[in-house]
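Okay, structure first, notes after.
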Amino acid sequence: MDNFKKKVLDLIKSVPRGKVTTYNEVARALESPGAARAVGQALNKNERPVKIPCHRVVKSDGRVGGYKLGRLAKMKLLQDEGVIIERERVANFNEVIYFF
DNA sequence: ATTATGACCGAAG
DNA sequence: GCTTCGGCCATAA
């Protein structure tokens, strides 16, 4: 049970290509609402390209948010997956996944 | 135990 | 649309 970060990583592994989720949603799904910031910390520590799609996690307002390797890299990865981004924001915000 | 940090959020101006 | 500010929560020191 410690592994807050493990839970975070496991969860976001289920986010499919071309879709995104938010830090807030992840926190909520882990039953730690409000822990959005902590989620960011977890992702930051576990930078693991490709295997764990930490680039598919964005801010709740649709803006891209941060990334260990820079927002540029994050946006590039997303666009390669078909996510449309304009001015730091996800255009098709309807493609967000929610873990009820 | 206390403090600081950060890939955040929401409300307010 | 923007910026600022207070509040959140898990880590690290």
Side-chain angles (χ1 to χ4, degrees):
Chain A
M1 310 324 173
D2 55 277
N3 311 32
F4 175 77
K5 83 181 167 192
K6 188 178 199 309
K7 288 196 285 186
V8 171
L9 299 178
D10 281 342
L11 184 57
I12 68 175
K13 262 187 293 188
S14 67
V15 179
R17 270 184 63 119
K19 297 203 177 178
V20 297
T21 187
T22 72
Y23 297 99
N24 215 4
E25 269 303 307
V26 175
R28 224 182 50 178
L30 296 181
E31 301 184 327
S32 303
R37 252 177 134 160
V39 171
Q41 282 300 317
L43 295 179
N44 185 34
K45 253 202 157 181
N46 252 42
E47 158 91 27
R48 200 143 260 106
V50 186
K51 188 63 180 174
I52 298 167
C54 32
H55 56 276
R56 296 188 193 141
V57 186
V58 302
K59 292 198 178 188
S60 63
D61 60 2
R63 292 204 323 248
V64 178
Y67 196 60
K68 189 75 179 310
L69 310 178
R71 309 194 292 292
L72 298 161
K74 186 169 183 176
M75 295 194 290
K76 186 174 189 305
L77 285 170
L78 288 172
Q79 295 187 87
D80 285 348
E81 297 183 348
V83 178
I84 311 299
I85 295 179
E86 27 185 90
R87 300 221 190 95
E88 302 272 310
R89 280 190 238 131
V90 179
N92 34 350
F93 204 43
N94 52 319
E95 294 291 328
V96 192
I97 105 161
Y98 296 100
F99 313 96
F100 283 63

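Throughout, a chain's letter reflects where its sequence line sits, starting with A, and its residues are numbered from 1. When reading the values below, keep in mind they use all heavy atoms of this one structure, side chains included, and skip hydrogens, waters and symmetry mates. In this text, all values refer to a predicted model and were calculated from it rather than measured experimentally.
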inquiry  = Does A:K68 reach a base, just sugar-phosphate, or nothing at all? Heavy atoms under 4.0 Å.
reply    = base
task: Under 4.0 Å between any heavy atoms, over every strand shown, what does A:A38 touch: base, sugar-phosphate, or nothing? Just pick one.
output: base
Residues passing the side chain to side chain contact (heavy atoms under 4.5 Å, CB included) test with A:A27, sequence neighbours excluded, are A:A35, A:V39
Listed by chain and number, what are the salt bridge (Lys or Arg N to Asp or Glu O under 4.0 Å) partners of [X], not counting sequence neighbours?
| X | result |
| --- | --- |
| A:R63 | A:D61 |
| A:R28 | A:E25 |
| A:K68 | none |

Between A:F4 and A:L30 the two heavy atoms that sit nearest each other are CE1-CD1, 4.0 Å
Closest non-hydrogen atoms of A:S60 and A:T22, given as atom of the first, atom of the second and distance, are CA-CG2, 3.9 Å
Note: contacts of residues 3-34 of chain A with DNA chain B (heavy atom, under 4.0 Å) are A:Y23, A:N24
Query - Side chain A:R87 and base C:dG1 donor-acceptor under 3.5 Å - result: no
Could you pull out all donor-acceptor pairs under 3.5 Å where a side-chain atom in residues 82-100 of chain A meets a protein atom, sequence neighbours excluded?
{"from": "A:E88", "atom 1": "OE1", "to": "A:R71", "atom 2": "NE", "distance (Å)": "2.9"}
{"from": "A:N92", "atom 1": "OD1", "to": "A:I84", "atom 2": "N", "distance (Å)": "3.4"}

With the criterion being N/O to N/O and under 3.5 Å, what pairs connect the protein with nucleotides 1-3 of chain B, and how long is each?
none

Pairs under 3.5 Å (Watson-Crick or G-U), crossing ones as [ ], inter-strand ones as |: DNA chain B comes out as .|||||.||||||
Identify all side-chain donor-acceptor contacts of residues 7-20 of chain A below 3.5 Å with residues at least two apart in sequence or on another chain.
{"from": "A:D10", "atom 1": "OD1", "to": "A:K13", "atom 2": "NZ", "distance (Å)": "3.1"}
{"from": "A:D10", "atom 1": "OD2", "to": "A:K6", "atom 2": "NZ", "distance (Å)": "3.4"}
{"from": "A:S14", "atom 1": "OG", "to": "A:L11", "atom 2": "O", "distance (Å)": "2.6"}
{"from": "A:R17", "atom 1": "NH2", "to": "A:D80", "atom 2": "O", "distance (Å)": "3.4"}

A:E88 CD to C:dG1 P, in whole Å, measures 14 Å
